[in-house]
Engineer: 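Take this structure first; my questions come after.
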Amino acid sequence: MSTLEIKDLHVSVILDDENTKPILKGVNLTINSGEIHAIMGPNGSGKSTLASTVAGHPKYQVDSGEILLDGEDVTAMSVDERARAGLFLAMQYPVEIPGVTMSNFLRSAKTAIDGEAPALRTWTKDVKNAMGELKIDPDFVSRNVNEGFSGGEKKRHEILQLELLRPKFAILDETDSGLDIDALQVVSEGVNRAHQGNEMGVMLITHYTRILRYIKPDFVHVFVDGKVADQGGAELADRLEEEGYVNYLKGAAA
Amino acid sequence: MTDQIKAEKTEASEKVDGVVVGESRPAIPGMDQEGEKLSPDLATDDTIRARRSANAGSDSQVMHSRAERPWSFDVADFSLPTGREEEWRFSPVKQLQRVFEDVASEDREGDPAAEYTLDVPEGWDAGTLADGQEPRDTVLRPADRAAVVGSANAGPARYVRIPENAERREPVTVRIAGRDAERRSNSHLVIEAGANSHTTVVIEHTGSSLHNGNVETLVREGATLTLISLQRWDEDAVHVGQHDAEVGKDASYKHIAVTLGGRIVRLNSNVRYADEGGSAQMFGLYYADSGQHLEHRSFVDHNAPRNTSNVLYKGALQGEGARTVWVGDVLIQKEAEGTDSYEKNQNLVLTDGARADSVPNLEIETGVIEGAGHASTTGQMDDEHLWYLMARGIPEKQARRLVVRGFLNEIVQQIRVPELEESLMEAFEAELALSDN
């Protein structure tokens with residue numbers, strides 16, 4: 001049983017050497033193992049900033065507040081330490097890395113996370129099986145990381161890594177955006193497998209309710225202007241589906 | 001050389017595409033700048049000046065076009081470079097004087113300046129072509145002083161003809177081993193890939209020499225040819241050369257230049273097309289250490305419609321005074337409708353004190369094209385690459401190692417000859433170890 005706690009978190013984006021702009025203005029959120037939390041909200045409300053900050057992207061600066069993983073201060077950890085501690089960010093825009101093959105990358109990541117190289121035989125089989133489930137062509141292991149992948153292929157590879165690396169908590173940053181209905185289903189099944197098999201906690205960031213038909217949230221949080229404006233159970237998502245964010249935006253402006 | 005061919009050459013040397021290039025030429029139009037720009041507004045450098053071309057329509061603002069660059073088989077048409085010429089301004093011309101000299105190879109009885117080994121499969125033609133004997137000199141047009149003295153002094157060209165429809169997985173290797181850093185060697189290689197053949201040819205340069213080597217390549221209709229030129233010279237070698245290729249109808253040509261060794265290496269790699277449906281890929285990879293000058297120039301001449309080209313040169317530099325130059329020209333001529341072209345140069349600067357020059361030039365004379373783009377980056381590692389790897393738990397030092405090797409490997413992967421790829425990555429490991437990468 002693990003807990004990811006975010007307490008009164010204030011974060012700014014670093015624009016250049018001199019300027020920063022506050023984005024998160026006091027976020028409180030606690031996720032326990034096995035729970036699925038959907039973070040919803042309009043564009044620009046700070047959802048992706050929260051995801052990148054937890055994972056440690058250098059563009060974001062924590063002004064105050066805490067991020068704790070089982071009581072440990074996450075903000076004091078380097079990016080790789082956070083990943084090894086059990087955090088995983090499925091990125092919205094995974095970068096292409098020329099010349100580094102998927103197989104080399106996956107093995108390097110698995111070795112880093114586990115602290116030892118995976119047994120070659122089972123590893124190859126695990127990768128092959130996981131790729132099969134996600135309907136990824138086996139040839140992709142010899143291609144370079146994300147190079148020439150379509151938007152949907154990149155997202156499926158993020159989930160492939162999620163399944164192979166078995167984190168304690170996964171943050172999915174708009175993993176559903178740009179996916180057609182078949183890909184959305186395949187990706188959702190992958191998340192559900194990792195969730196069930198591993199008691200993984202999930203922070204599911206999305207703009208739309210569509211993915212929530214496949215991944216059932218235990219909690220829904222509505223993000224507006226850098227903080228949680230409302231929260232509830234799965235029924236809150238249904239209401240957002242009908243009403244949109246317009247009521248919250250009025251409130252923020254007032 | 002027959003009189004007829006000689007006559008043609010003389011004719012050619014006087015006028016090229018309407019531009020006078022002979023001795024009487026007026027200050028060589030187009031020679032003072034290479035940086036072709038689409039619009040005079042883009043000219044930020046005072047060496048770039050717009051001018052109205054004598055052979056252009058009165059309403060068209062034509063600047064020095066790459067197409068106007070003179071070429072000639074006559075040594076007298078190219079005076080000794082001073083370093084002020086556009087095409088020599090990045091080069092250490094003082095140190096290149098000996099490869100500009102109009103002299104024969106310094107071969108001795110039983111001891112050639114450079115030794116040649118050709119591993120050619122049975123049944124293939126491999127021989128020599130005398131000066132002016134076709135297909136020699138049908139594709140390669142010497143475009144600077146170095147190339148013209150190389151061409152004039154090479155003697156019989158070494159000729160490899162890949163038979164029509166030949167398919168071969170193993171590469172054909174031409175080894176050129178220099179024997180003495182003080183001895184001049186001139187060389188002319190002609191490679192003809194017969195129609196619908198599929199092959200890889202490797203030219204491997206080792207040892208040391210003052211080497212002036214031209215390579216002339218014909219890729220016939222439907223053929224696929226990968227031509228890999230490896231510069232694995234000793235550290236005191238000097239190498240200048242021009243590699244010209246003509247890509248036939250529906251043919252594919254891949255040229256890969258990999259330069260690790262040599263004190264000064266300066267290679268011009270040029271491509272044009274015989275017809276439509278051709279594809280040219282030009283890759284380069286260079287790794288410069290302290291004291292090395294590695295210069296690569298590429299020119300894709302889209303002189304015919306519906307052909308594609310992709311140019312990617314990558315370099316790594318380390319150490320005080322490590323120096324690299326890349327100048328990439330792409331010309332899309334008026335008749336080259338349906339062209340799709342892209343060129344990119346990336347340099348990874350691993351230590352202080354190194355200098356990389358990168359000049360992409362794109363010149364477009366028709367708007368009816370599929371695409372044309374260019375990009376150039378010089379600097380340190382991409383932080384987003386490190387971020388992605390570290391976000392998967394990979395420690396920073398290891399992530400850096402992966403990214404640097406990946407940077408080089410992107411070109412090495414194009415070779416598709418496993419032993420060669422392995423041997424090059426080993427050589428790069430040794431280089432990287434020097435700068436603790």
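Numbered from 1 within each chain, the chains take letters A, B, ... in sequence-line order.
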Engineer: With rounding to the nearest 0.5 angstrom, report the CG to CG distance, A/Asn144 to B/Asn409.
Structural biologist: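 The distance works out to 7.0 Å.
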Engineer: Checking heavy atoms, do the side chain of A/Pro94, its backbone, both or neither come under 4.5 Å from chain B?
Structural biologist: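 Interface part for A/Pro94: both.
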Engineer: If you look at every heavy atom in B/Gly393 and A/Ala112, which pair is closest and at what distance?
Structural biologist: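 Looks like O-CB, 3.1 Å.
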Engineer: If I compare all heavy atoms of A/Gly56 with all of B/Trp387, which pair ends up nearest, and what's the gap?
Structural biologist: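 A/Gly56 and B/Trp387 have their closest heavy atoms at C-CZ3, 3.6 Å.
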Engineer: Quick check on A/Ser142 against chain B: is it the side chain, the backbone, both or neither that has a heavy atom closer than 4.5 Å?
Structural biologist: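 Interface part for A/Ser142: neither.
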Engineer: Please answer whether the main-chain N or O of B/Met390 pairs with a side-chain N or O of A/Asp80 as donor and acceptor at a distance below 3.5 Å.
Structural biologist: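 Not a single qualifying donor-acceptor pair exists.
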Engineer: Should we say atom CD of A/Glu72 is surrounded by more than 12 heavy atoms from elsewhere, each under 6.0 Å from it?
Structural biologist: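 Not buried by this count: 12 neighbours or fewer within 6.0 Å.
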Engineer: I'd like to verify something: which residue of A/Arg82, A/Glu147, A/Met91, A/Glu81 has the highest number of heavy-atom pairs under 4.5 Å with chain B?
Structural biologist: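 Among the listed options, the one with the most contacts to chain B is A/Met91.
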Engineer: Decide if atom CG of B/Asp352 counts as having more than 12 heavy atoms of other residues, nucleotides or ligands within a radius under 6.0 Å.
Structural biologist: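 Atom CG in B/Asp352 is not crowded, with 12 or fewer foreign heavy atoms closer than 6.0 Å.
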Engineer: Is the count of non-hydrogen atoms from other residues, nucleotides or ligands lying under 6.0 Å from A/Asp137 atom CG greater than 12?
Structural biologist: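 Above 12, so yes.
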Engineer: What is the minimum heavy-atom distance between A/Thr101 and B/Gln413, and which atoms define it?
Structural biologist: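 For A/Thr101 versus B/Gln413, the nearest heavy atoms are CG2-NE2, 4.0 Å.
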Engineer: Around atom CG of A/Asp16, are there more than 12 heavy atoms from other residues, nucleotides or ligands closer than 6.0 Å?
Structural biologist: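 Result for CG/A/Asp16: enclosed.
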Engineer: Might you point out which heavy atoms bring B/Ile394 and A/Ser108 nearest each other, and give the distance in Å?
Structural biologist: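 B/Ile394 and A/Ser108 have their closest heavy atoms at CD1-CB, 3.8 Å.
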Engineer: Is it the side chain or the backbone of B/Gln398 that comes within 4.5 Å of chain A heavy atoms, both, or neither?
Structural biologist: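 Looking at B/Gln398, just its side chain touches chain A.
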Engineer: CG of A/Asn104 to CG of B/Leu402: how many Å apart, nearest 0.5 Å?
Structural biologist: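 Between A/Asn104 CG and B/Leu402 CG, I get 5.5 Å after rounding to 0.5 Å.
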Engineer: Determine whether the aromatic ring centres of residues B/Tyr388 and A/Phe105 are separated by less than 6.0 angstrom.
Structural biologist: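 For A/Phe105 and B/Tyr388, the ring centres are under 6.0 Å apart.
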Engineer: Only pairs of heavy atoms separated by less than 4.5 Å count here; which of B/Val403, B/Leu389, B/Leu386 has the most with chain A?
Structural biologist: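 Top option by heavy-atom pairs under 4.5 Å: B/Leu389.
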Engineer: Give the minimum heavy-atom separation between A/Val100 and B/Gly406, together with the two atoms involved.
Structural biologist: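 Closest heavy-atom pair between A/Val100 and B/Gly406: CG2-CA, 3.8 Å.
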Engineer: Is the backbone of A/Ala109 close enough, under 3.5 Å, to the side chain of B/Arg392 for a donor and an acceptor to pair up by distance?
Structural biologist: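 No: the side chain of B/Arg392 does not pair with the backbone of A/Ala109.
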Engineer: So which of B/Ala391, B/Ala399, B/Pro395 has the biggest tally of heavy-atom pairs under 4.5 Å with chain A?
Structural biologist: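 Answer, by heavy-atom pair count under 4.5 Å with chain A: B/Pro395.
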Engineer: Need one label for A/Leu165: side chain, backbone, both or neither, based on atoms under 4.5 Å from any heavy atom in chain B.
Structural biologist: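 Interface part for A/Leu165: side chain.
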Engineer: If you look at every heavy atom in B/His385 and A/Glu96, which pair is closest and at what distance?
Structural biologist: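 Reported closest heavy-atom pair: NE2-O, 3.0 Å.
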